[in-house]
Amino acid sequence: MKAYIDVMGGDSPEKVIEGATAAAAAHPDITIVLTGDEKLITKTLSSMSGMPGNISVVNAEETITNDDSPTMAIKTKKNSSLVKSFCMLRDDADALGLISAGSTGAVLTGATLIIGRMDGIYRPTLIAQLPTMDGGSVCIADSGANMDSHPEWLVQFAVMGSAYMRAVTGKQNPTVALLNVGTEEHKGNALVRETHKLLASGNLNFAGNMEARDTLTGKYDVVVCDGYDGNILLKGSEGAAKMVMKSLKNAVMSSARAKIGYLFMKKAFKKLRHDMDYNNYGGGAFLGTKKPVIKAHGSSNAAAVAQCVEQLIKLRDGDVLATIKRGISESGK
């Protein structure tokens with residue numbers, strides 16, 4: 001079984017390789033296929049001691065950048081690390097999936113055009129996972145793949161988000177909420193009001209509307225929205241987390257008494273920093289295509305890349321694609 005990794009997409013190919021090597025060492029039954037500049041990859045691997053034998057390298061002479069038009073790049077840069085990875089994934093019946101920290105638009109376009117949508121799926125969704133106050137997590141579906149959506153699409157996002165959370169958290173009946181400006185049924189625009197009707201009449205564990213301020217409370221497992229609102233919610237939450245950590249640091253450094261107090265709370269602060277670090281949650285899962293794809297942050301470190309491999313394993317173990325198929329069939333949407 002293989003996991004394909006686009007080495008050249010992110011800010012640091014070396015960190016991608018380091019994370020891939022860690023994942024390969026942890027999972028000797030999985031072959032990690034690194035696609036990109038063969039010389040760079042080989043040089044980086046040779047500098048590491050005890051390189052696992054379950055890593056293979058595929059040379060790719062081109063790279064798709066954030067400045068490229070996603071659709072044009074996928075169609076014309078056939079020798080790019082991303083396109084080559086997608087083509088290998090498409091032709092590998094037993095593959096775990098693909099990981100890339102490259103251009104979000106190119107990753108989503110490549111997954112749709114080269115891998116293809118699952119039967120019955122209107123639009124794939126990009127799912128982002130965030131930590132919650134109770135020590136759990138919540139996912140946002142959609143977090144940026146579909147800017148203009150229809151109610152039936154959002155119902156499918158809810159199905160895919162629920163399948164994802166069952167796979168990665170083990171919760172068998174995830175609580176689904178619809179992002180809105182208020183909790184009342186009549187609130188929101190036409191898209192949200194119609195989606196509420198469809199979700200309320202479906203068989204998901206639908207809790208109704210939810211305001212953005214409750215995203216991280218732990219009350220909900222899946223937040224459903226279109227990609228425009230979801231991306232704003234995601235980045236707003238990440239920005240708030242950074243502000244909290246910066247404010248805590250400033251408070252600790254503000255006086256000698258605060259510094260002494262920090263010594264007694266060092267473990268608590270360390271755990272908080274860990275829980276709020278997106279690198280510990282891997283990347284965004286692009287679901288609705290025939291093979292799983294993980295879109296990692298462009299600045300992902302080695303730990304984040306290794307965690308992306310863990311995500312693919314959880315999606316396999318949780319049989320997420322079959323769960324999505326059943327959910328779409330049962331929803332009738």
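Model, not experiment: these values are computed from the prediction.
- Side-chain atoms of Thr112 and Pro124, non-hydrogen and from C-beta on, do get closer than 4.5 Å to each other.
- Not one N or O on the side chain of Asp142 forms a donor-acceptor pair closer than 3.5 Å with the backbone of Thr125.
- The shortest distance between side-chain heavy atoms of Thr323 and Arg166 falls below 4.5 Å.
- More than 12 non-hydrogen atoms from other residues, nucleotides or ligands lie less than 6.0 angstrom from NZ of Lys187.
- Inter-residue side-chain proximity for Gln311 and Tyr164 is flagged as met; some heavy-atom pair is nearer than 4.5 Å.
- Ser81 and Asp6 are linked by a side-chain donor-acceptor pair at a separation below 3.5 angstrom, with hydrogens and angles left out of the test.
- For Lys15 and Glu18, the salt-bridge test fails: no basic side-chain N is under 4.0 Å from an acidic carboxylate O.
- Lys84 and Asn79 share a donor-acceptor pair across their side chains, judged by distance under 3.5 Å alone.
- Residues Ile41 and Ile17 have side chains in contact (heavy-atom distance under 4.5 Å, counting atoms from C-beta outward).
- You'll find the side chain of Val293 reaches within 4.5 Å of the side chain of Phe86, heavy atoms only.
- Heavy-atom contacts from other residues, nucleotides or ligands closer than 6.0 Å to CG of Asn250 number more than 12.
- With no hydrogens or angles considered, no side-chain donor-acceptor pair links Thr44 and Glu14 at under 3.5 Å.
- Tracing side-chain contacts under 4.5 Å through hydrophobic residues (I, L, V, M, F, W, Y), one never reaches Leu89 starting from Val309; they form parts of separate clusters.
- Under the 3.5 Å distance criterion, with hydrogens and angles disregarded, a donor-acceptor pair is assigned to the side chains of Glu310 and His27.
- Taking a cutoff of 4.0 Å between a charged side-chain nitrogen and a carboxylate oxygen, Asp94 and Lys2 do not qualify as a salt bridge.
- Two residues are said to be in side-chain contact when any heavy atoms from C-beta on lie closer than 4.5 Å; Lys171 and Asp221 meet this criterion.
- In Met1, the CE atom is crowded: over 12 heavy atoms of neighbouring residues, nucleotides or ligands sit closer than 6.0 Å.
- In this structure, Arg117 and Lys290 have side chains that are not in contact, with every pair of non-hydrogen atoms separated by 4.5 Å or more.
- Listed by chain and number, the residues in a side chain to side chain donor-acceptor pair (under 3.5 Å) with Ser69 amount to none (sequence neighbours excluded).
- No continuous path of hydrophobic side-chain contacts links Val222 to Leu126 [ILVMFWY only; heavy atoms under 4.5 Å].
- No side-chain N or O of Asn146 forms a donor-acceptor pair with one of Tyr228 less than 3.5 Å apart.
- Using a 4.5 Å heavy-atom cutoff, the side chains of Val168 and Gln129 are in contact.
- The side-chain hydrogen bond (donor to acceptor under 3.5 Å, both in side chains) test with Thr35 is passed by exactly one of Ser85, Ser56, Ser80: Ser85.
- Looking at every heavy atom in both residues, Ile114 comes nearest to Val83 through CD1-CG1, 4.2 Å.
- For the residue pair Ser149 / Asp226, no side-chain donor-acceptor distance below 3.5 Å is found, with atom types taken as modelled.
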